[in-house]
Amino acid sequence: MDSSKPAKAVKDVVEAAAEKVAGVLTPDVPGAPGSAPPTVEEPTTPHDPLPPKAEQGAPETRSPTGAKTGAPAIANGQQGAFLTTSQGARLRDTDHSLKAGPRGPILLQDHHFREKITHFDHERIPERVVHARGAGAHGLFTAYGTAERVTKAGFLKKGRETEVFVRFSTVLGSRGSADTVRDTRGFATKFYTDEGTFDLVANNMPVFFIQDAIKFPDIIHAAKPHPDREIPQAQSAHDTFWDFVSLHTEAQHHTMWNMSDRGIPRSYRTMEGFGVHTFRLVDAAGETVLVKFHWKPKLGVHSLTWEEAQLLGGIDPDFHRRDLYDAIEAGAYPEWELGIQVFPDTPEETFAGIDLLDPTKIVPEELAPVQPIGRLTLNRTPRNFFAETEQVAFHLGHLPPGIDVTNDPLLQGRLFSYVDTQLTRLGGPNFSQIPINRPHAPVNDMLRDGFHQHAVHAGVAPYRPNSLDGGNPFPAGDDENAFVDVPVTVAEAPKVRANPVSFDDHYSQVRLFWLSMSPVEQEHIIRAYAFELGKCYHQAIKERQLQSLANIDPVLCAEVATGLGLPAPQPTVPIADVAPSPALSQVGREWPSDGRMVGVVVDPDADLDGVGQVRRAVFAAGMVPLLIAPHGGLVGDLPVQRTFATGRSVEVDVLLLAGAPAPAPDAIPARDAKAGAADSAAVDPRVLLLVEECWRHAKAIGAWDGGVTVLERAGVAGTPGVVTGDSGAEVFTAVQQLLAAHRVWERFPASVA
Ligand code: HDE
């Protein structure tokens, strides 16, 4: 007899719980945990596990060898109404260990205690040595068919849909570090194609610090916390990082990308992705081209300001993670177009004089346009962080027929590293059988046994050739879609530890990047160098880095030198004569605003009907409202998400003010130091701080009704990007238009031109 309650009973419990809390928590507040609101009393009626949240997905239930199982994904998690041991025996008590009398010692025979504690003792696995801090999401990739002329890869054929899992990450920080630090971001995509998994393990910057994989431990040791004190965490503003990049000058290009606004993205949804290396595509006839992969975000490329990034590190260290999940839950599915730059596959492997095997170089889009080949939509959040985001294992060697590698020495080294690292991280060679890593193509690999073997292999002859298993498995023939390594000619050459001469140019493309920035972006770069070098202790390191800046641009060098209180050196190499690439700038275009956060300051005396309308309009526009009020709970029938004590400007993209809230009872500096930020008897000082900070960070601000007086008190009324109107709807429309440019850039006057 199965006494666990069936689905109907679960539904009853969920509905009963929802009824009890109706009016207390509105279910359309993205981010609320659990699929049903909890009751105040502890639930005691047994029932099946609650269903996952509506927006949550899980790996498709596939066998370890890629077959569809048909089992519901939830059965991979937990089953039944009752608490059991890991062997399925029901338990009556998990709160008390088995003791010799109530005061006695614990008995060794307590198998439940031992199982529970032993498992707990082994819950952690080694974090990734780089990219430890990450956030994943499920999605779908739809091919346009435009790549069919250059590759035989089936998932790129017109209209093909492929399940994907994407993991975004920072590079330097540990698993628990803050999301908004200045760093490169990982953008790794697993395409579960029916011809074998394809992993595009990309970054949000198109170049890398080093040209040869053998230098990877060097750059990472330099950038990680100092080995004696283990500080600083998750950042490059320290001596060992600048020591290395100033000595190893091929790192200068990537370093400037890190110092630019690209190092502090507003959101994972507003990042570009780059495969960095040049890859080789091959069509059915064996013809090849060289390509670079690009992800282009639908929402455009946007960044935080440095002050926002720093504040967020304390206020919401999970900012990017939360942003990704809240957007998906709100239905604002993040989207990117996958594109390729295509180059002829010539023996020189160069394009317009640029060495395509040098991962410190880009090919400007003005020279080779990015051609869109498909669309990625992220539409499901993971159900379980560990099972999916932590255990996902990417590898550049996961290639389907039609995509192949080049001799880029960085890429070649990565082909070794990714499998090697999973052996320790995931505890053995069978990591591809973990649910999130299972391919969606039939697997018959003759790999056997090992730790955590999930497959139950049949047959007696896992070797080739064999006759005992009837010869199975068989090599695929030419017309059976085998992966065939492109027979690239290897030039006759001596065996050496050396780079091609073309790799010696370390400065011209850094200058290209610098010249491509708008004045405000250049200001941010100057400030970032001055900040990071200013955090270094040793003058020799600062002087050495200034020498590199002198070789890139005299204005940049002089401005940073001023900040450091050091003389600006003269260049030691001729300053390169390069044309800028306007495509590299983030400023000057307009973008959709889906999934952006709209802060609304509200209090019981404000125009609550108007706020209700704005809230609905925000959802309808695919954005997320964040109501900020003097106290928690409800204002009218509107759910409060932040109070003046818990909220901060940096969480929102635009700010709306519906009223002029008087100081709340907790607006005393002794309790909330923010209340000392502004002097006002009439308006809560924390509201004025919200306005001041939003203004300083060049965010659009709108007010109607009583909110207009707040603008006046904050001294920002009538300035660029500050709008007022007769109704909330009118003001919301106006700020939404301003948000299209991401920021009110006029508020950032630049001194460099
Ligand atoms: Fe990685 N990199 N990497 N990397 N990388 C790892 O693999 C490595 C490089 C990138 O979300 C590790 O599973 C070497 C470039 C991403 O799980 C490790 C070199 C690019 C992720 C590793 C590089 C990347 C990793 C750590 C120099 C951009 C996170 C854990 C040749 C194109 C993937 C793991 C995820 C992770 C090695 C350079 C991107 C140790 C040796 C260039 C996005 O294998």
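All ligand and atom numbering here is 1-based and tracks the order in the structure.
Heavy-atom distances between G275 and ligand 1 reach below 4.0 Å in at least one pair. Contact analysis leaves F416 out of contact with ligand 1, as no non-hydrogen atom separation drops below 4.0 angstrom.
For ligand 1, the atoms sitting less than 4.0 Å from at least one non-hydrogen atom of G186 are 43 (C), numbered in the order shown with element in parentheses. Close approach of ligand 1 to V129 is summarised as follows: ligand atoms under 4.0 Å from at least one heavy atom of the residue are 40 (C). The contact set between ligand 1 and L410, taken as ligand atoms under 4.0 Å from a residue heavy atom, comprises 27 (C), 31 (C), 42 (C). Applying the 4.0 Å criterion to heavy atoms of F187 picks out, from ligand 1, the atoms 43 (C). Distances below 4.0 Å separate heavy atoms of A213 from the following atoms of ligand 1: 31 (C). Distances below 4.0 Å separate heavy atoms of V276 from the following atoms of ligand 1: 32 (C). Heavy-atom contacts of V130 reach the following atoms of ligand 1: 2 (N), 6 (C), 26 (C) (cutoff under 4.0 Å).
Summary of contacts: the protein heavy atom closest to atom 17 (O) of ligand 1 is R128 NE, 2.8 Å. Q422 NE2, 2.9 Å is the protein heavy atom nearest to atom 13 (O) of ligand 1. Looking from atom 32 (C) of ligand 1 to the surrounding protein, the closest heavy atom is R414 NH1, 3.1 Å. For atom 41 (C) of ligand 1, the closest non-hydrogen atom on the protein side is F216 CD2, 3.3 Å. The protein atom (non-hydrogen) at minimum distance from atom 35 (C) of ligand 1 is R167 NH1, 3.2 Å. The nearest protein atom to atom 33 (C) of ligand 1, hydrogens excluded, is given as F394 CD1, 3.8 Å; this is a heavy-atom distance. Of the protein's non-hydrogen atoms, the one nearest atom 42 (C) of ligand 1 is F208 CD1, 3.4 Å. With respect to atom 25 (C) of ligand 1, the closest heavy atom belonging to the protein is H131 CD2, 3.2 Å.
For H506, there are no ring-ring contact (aromatic ring centres under 6.0 Å, His included) partners two or more places apart in sequence or in a different chain.
Taking distance alone, with nitrogen or oxygen atoms compared against 3.5 Å, S169 stays at or beyond that limit from ligand 1. Checked against a 3.5 angstrom limit, the closest N/O atoms of T421 and ligand 1 fall outside it. Backbone and side-chain nitrogen or oxygen atoms of S417 are examined, and one is located within less than 3.5 angstrom of a nitrogen or oxygen of ligand 1.
A side-chain N or O of S548 and one of Y507 form a donor-acceptor pair less than 3.5 Å apart.
One finds the CD1 atom of I362 at 5.5 Å from the OG atom of S581 (value rounded to the nearest 0.5 Å). Atom CD of Q453 sits about 9.0 Å away from atom CG of L447, to the nearest 0.5 Å.
Just one residue in the list D345, V363, N407, D408 forms a side chain to side chain contact (heavy atoms under 4.5 Å, CB included) with L356, and that residue is V363.
In summary, an N, O or S atom of Y418 is located under 2.8 Å from atom 1 (Fe) of ligand 1.
A salt bridge links E349 to R280: at least one charged side-chain nitrogen sits closer than 4.0 Å to a carboxylate oxygen.
W295 and F187 have parallel rings, their planes meeting at less than 30° on a 0 to 90° scale where 60° marks the start of perpendicular.
If you look at V201 next to ligand 1, the close heavy atoms, those under 4.0 Å, come from the backbone and the side chain alike. Contact annotation for A202 and ligand 1: only backbone heavy atoms (N, CA, C, O) come within less than 4.0 Å of the ligand.
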**Request:** With side-chain hydrogen bond (donor to acceptor under 3.5 Å, both in side chains) as the test, would you mind laying out the steps for E521 and S585 before giving the verdict?
**Result:** CA-CA 8 Å; E521 292 168 303; S585 171; 2.7 Å; yes
**Item:** Residues N430, H452; criterion side-chain hydrogen bond (donor to acceptor under 3.5 Å, both in side chains); working and verdict
**Value:** CA-CA 6 Å; N430 290 316; H452 320 302; over 6 Å; no
**Request:** Kindly indicate, with the supporting measurements, whether the criterion ring-ring contact (aromatic ring centres under 6.0 Å, His included) is fulfilled by W306 and Y529.
**Result:** CA-CA 12 Å; W306 179 228; Y529 276 109; over 10 Å; no
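Although no hydrogens or angles enter the test, the distance criterion places a donor-acceptor pair under 3.5 Å between the side chain of R414 and the main chain of V201.
Of all the heavy atoms in R321 and Y268, the pair that sits closest is N-CE1, 4.3 Å.
In this structure, K190 satisfies the cation-pi test against F394, with its NZ or CZ atom closer than 6.0 Å to the six-membered ring centre and inside 45 degrees of the ring normal.
Proximity of the aromatic rings of W257 and F513 is defined here by a centroid distance below 6.0 angstrom, and this criterion is met.
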